[in-house]
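Worksheet: one structure, shown below.
Proteins come first, then strands; the chains are lettered A, B, ... in the order of their sequence lines, and each starts at number 1.
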There are 2 protein chains.
Amino acid sequence: MVDVAREAGVALRTVSRVVNGDATVGDQLAERIRRAIDHLGYQPDERARQLRSGRTGTIGAAVRHIADAHPVLRAIDESARGVGLTVVAMSTEDDEERERDAVMSMCRRRMDGIIIEPIADGHQYLQAEIDSGLAVVAFDRPATGVAVDTVLSDNRGGIQQAFAHLAAQGHRRIGYIGDDERIYTGRERAAAFREALSGIGEPLDGMVHPGPIEQERIAAALESLRRRAEPVTAIVTGNFNTTVALIRALGPDFGSTALVGFDDFGLADLLRPGLTVVAQGDVEIGRTAIELFRSRLAEPGGPVRTVTVPTRLIVRGTGEIGP
Amino acid sequence: MVDVAREAGVALRTVSRVVNGDATVGDQLAERIRRAIDHLGYQPDERARQLRSGRTGTIGAAVRHIADAHPVLRAIDESARGVGLTVVAMSTEDDEERERDAVMSMCRRRMDGIIIEPIADGHQYLQAEIDSGLAVVAFDRPATGVAVDTVLSDNRGGIQQAFAHLAAQGHRRIGYIGDDERIYTGRERAAAFREALSGIGEPLDGMVHPGPIEQERIAAALESLRRRAEPVTAIVTGNFNTTVALIRALGPDFGSTALVGFDDFGLADLLRPGLTVVAQGDVEIGRTAIELFRSRLAEPGGPVRTVTVPTRLIVRGTGEIGP
DNA sequence: CTGAAAGCGCTAACAT
DNA sequence: ATGTTAGCGCTTTCAG
């Protein structure tokens, strides 16, 4: 920058004005400075600029993994761009320590705030940062031990949709395989399923299989649902990974049992039969997260809000197999 | 930091030493400073630190989209972490202007370098940054107009693998549908396919269909391959998106024609029959990119290298259908 | 409308 | 082993 000023024969401040599009610079002078900038290939140092000005215009996204397909992140990115914010994403790997690392790294970079997909437990550490002005929005799962704006899917409603759809085809013996109940979404979805099954007067025992997403565990759950005196005629899965593992476990039997999966995915329509799913409102979740984020930035002391985004049943075939 | 120094009753420099793990600080003093840090919830300002020290330890990754599944990005991230580098990813959306924006933004943040998945044309603008010390590594496609270290898949070898596999089952009338030839990988793969088909003495006319990845275009290409006097008995697709579009176009006929797709994907084994693919060496590509990056950083004037990573045929079913 | 000086939070280079 | 001073590249006062 000092080189630019010298080349154009002006003071530093004047170069700064041109770089920031300040109108109070004479036209010819501005033009001369711009030429000097181009000539020298000058790029302002974002760090120095932020350091001095205080603002960053950057929002950190702590998501499970930046290398995985992540429709909500896409929506966050697009919404943010629309309002002039830059999104920088980092991976948490669903690991508490990694999450903390990512969040701390974001704090050290003095980002305006973070959007986080929280891991299991203990987000108390966020409180200190929030107190010192960090805007925090959680999505997919609530943060624990600290009050922050949150965007959630209607997990219970989604399970009810899936269940009602199967029940409407005449199924009564419907099983559930899903994520560990230590995880918020796993807990919500399993609970909603139990409620639904009880609601039609069916006994619960052995019909609900929450647990870790491991191929063996899922295969065993499937076996247990099929080996009953009265085998299940339909299954609901609690998330994408469970659905995929179950389809693998079913092997050639895929298509013989009715199935509705939680979470939509790009290739669900390529399966034969197509997979009926409960899709989450990814775009709306992302959009809402940015909205909450901006409100929080604008009014740090405002009331903490939680928004629930509805799910949608997508009919493709597996959910329409009769009992 | 000044608060910490005051609270602990020491000079700024001493706090800095503790923060940076400098051993030349008395144990009790260090302990007292650490307590003050915890007490005040102090987090060093990464920007100021970088500004002063010159290093950043950060590498920018300009990839197609941060919200898409991207196995190479995962490998880059992991390899980088292993050597103490932080990866910050940004989206290019396969748009030249967006790519430039992303790269410029990385330069303004004074990252040590960038790893880029280049768009079609014109990377001359990178030259100025390279001259001023930016380390640049391209992957998947070469950058145009500048000499940078590059990691590529063995596109030609991959197509040869696919072709040879089908030819070994007795196929001779093999068609190709792939990406636009304006894109490097599309060009390489189509060229390799033409060479292979000519190599077994088959005429080329109407057998090779490069073009944009649009459902209608792919469906039309399929029709044209089937409507021949002697219809094709096998098809090779040029990339993931083409493969998916072709499977959609085939509909219930999927499994009646032999098929090998370029690019592996997570759900390829769930199709019935399973999809035979040519998989790229994602992990090795990522690992190599980081390696080249570090060499470049260590020796900015060293010779520019291009590394080609082999592909691998994964047999799952569609490639083993007879003529 | 333009310029000089101060300082954002930190670390490098010297003292001591 | 610890403290002092200067300055990274920029923007923000405040004078001209």
Side-chain angles (χ1 to χ4, degrees), chain A residues 1-37 40-58 86 104-112 129 132-134, chain B residues 1-37 40-58 86 104-112 129 132-134:
Chain A
M1 183 152 166
V2 57
D3 294 339
V4 173
R6 192 174 32 218
E7 167 127 352
V10 296
L12 273 165
R13 177 67 250 244
T14 313
V15 178
S16 172
R17 283 210 173 89
V18 171
V19 169
N20 292 311
D22 192 325
T24 70
V25 178
D27 283 358
Q28 306 162 33
L29 199 56
E31 190 46 41
R32 200 167 76 211
I33 292 168
R34 260 189 291 273
R35 248 200 311 276
I37 287 173
L40 275 72
Y42 164 77
Q43 292 276 104
D45 187 319
E46 192 60 34
R47 301 165 303 181
R49 157 180 250 178
Q50 286 180 14
L51 185 55
R52 187 58 244 239
S53 71
R55 323 175 220 98
T56 76
T58 304
T86 302
M104 286 313 173
S105 157
M106 289 167 180
C107 290
R108 282 194 302 274
R109 277 148 211 258
R110 299 294 189 268
M111 297 189 168
D112 291 345
E129 312 302 332
S132 51
L134 187 75
Chain B
M1 183 152 162
V2 57
D3 295 338
V4 174
R6 192 176 32 219
E7 169 128 351
V10 295
L12 273 169
R13 179 67 248 237
T14 313
V15 177
S16 171
R17 282 208 173 89
V18 171
V19 168
N20 292 308
D22 191 325
T24 70
V25 178
D27 284 356
Q28 307 162 32
L29 200 56
E31 190 46 41
R32 201 167 75 211
I33 292 169
R34 261 190 290 273
R35 248 201 311 277
I37 287 173
L40 275 71
Y42 164 78
Q43 292 276 105
D45 188 322
E46 191 59 34
R47 300 164 305 180
R49 164 180 243 177
Q50 286 180 13
L51 186 56
R52 181 64 245 232
S53 71
R55 338 176 208 94
T56 77
T58 303
T86 302
M104 286 312 171
S105 158
M106 289 167 179
C107 291
R108 282 194 301 273
R109 279 149 210 258
R110 298 294 187 270
M111 298 188 167
D112 290 345
E129 311 302 332
S132 51
L134 187 75

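Looking at the side chain of B/M1, the nearest of the listed nucleotides D/dG3, D/dT11, C/dT11 is C/dT11. In the set D/dG9, C/dT2, D/dT2, the nucleotide with an atom closest to the side chain of A/A48 is D/dG9.
Using a 4.5 Å heavy-atom threshold, the side chains of B/E46 and A/R47 count as separate. Annotation: side chain of B/M1 is not in contact with side chain of B/D45 (no heavy-atom distance under 4.5 Å). Using a 4.5 Å heavy-atom cutoff, the side chains of B/E7 and B/V4 are not in contact.
We find that CD of A/E46 is positioned 12 Å from C1' of D/dG9, with the value rounded to whole Å. For the pair B/R110 CZ and D/dC10 P, the computed distance is 6 Å after rounding to whole Å. Rounding to whole angstrom units, CG of residue A/D45 and C1' of C/dC8 are separated by 13 Å. To the nearest angstrom, C1' of D/dC10 lies 15 Å from CD1 of A/I33. One interatomic measurement links the two molecules: CD of A/Q43 to P of D/dC10, which rounds to 10 Å at whole-angstrom precision. Atom pair A/D27:CG and C/dC1:P shows a separation of 9 Å (rounding to whole Å applied). At whole-Å resolution of the value, CZ in B/R49 and P in C/dC10 are 9 Å apart. A straight line from CZ of B/R47 to C1' of C/dC8 spans 9 Å, rounded to a whole angstrom.
B/V10 comes within 4.0 angstrom of sugar-phosphate atoms only, judged by non-hydrogen atoms across all strands, and of no base. A/V25 comes within contact range of the sugar-phosphate backbone alone, with a heavy-atom separation under 4.0 Å but no base atom that close. Among the protein residues, A/L12 comes within range of no part of the nucleic acid, since none of its heavy atoms lies under 4.0 Å from any strand. Within the 4.0 angstrom heavy-atom criterion, only backbone atoms of the sugar-phosphate kind lie near A/T14; the bases stay farther away.
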Can you check nucleotides 12-16 of chain C for protein contacts, nitrogen or oxygen pairs under 3.5 Å, and list what you find?
from	atom 1	to	atom 2	distance (Å)
C/dA12	OP1	B/R55	NH2	2.7
C/dA12	N7	B/R13	NH1	3.2

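Atom OG1 in B/T56 sits 12.5 Å away from atom CZ in B/R49 (nearest 0.5 Å).
Between B/T58 and the choices B/M106, B/R109, B/R110, B/Q50, the side chain to side chain contact (heavy atoms under 4.5 Å, CB included) rule is met once, by B/Q50.
One finds a side-chain N or O of B/S16 lying less than 4.0 angstrom from the OP1 or OP2 phosphate oxygen of C/dT11.
Closest of all the heavy-atom pairs between A/D112 and A/G57 is OD2-N, 2.9 Å.
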Atom pairs and distances, side-chain donor-acceptor, residues 23-35 of chain A, under 3.5 Å, sequence neighbours left out:
from	atom 1	to	atom 2	distance (Å)
A/T24	OG1	A/D22	OD1	3.0
A/R32	NE	A/A8	O	3.0
A/R32	NH2	A/A8	O	2.8

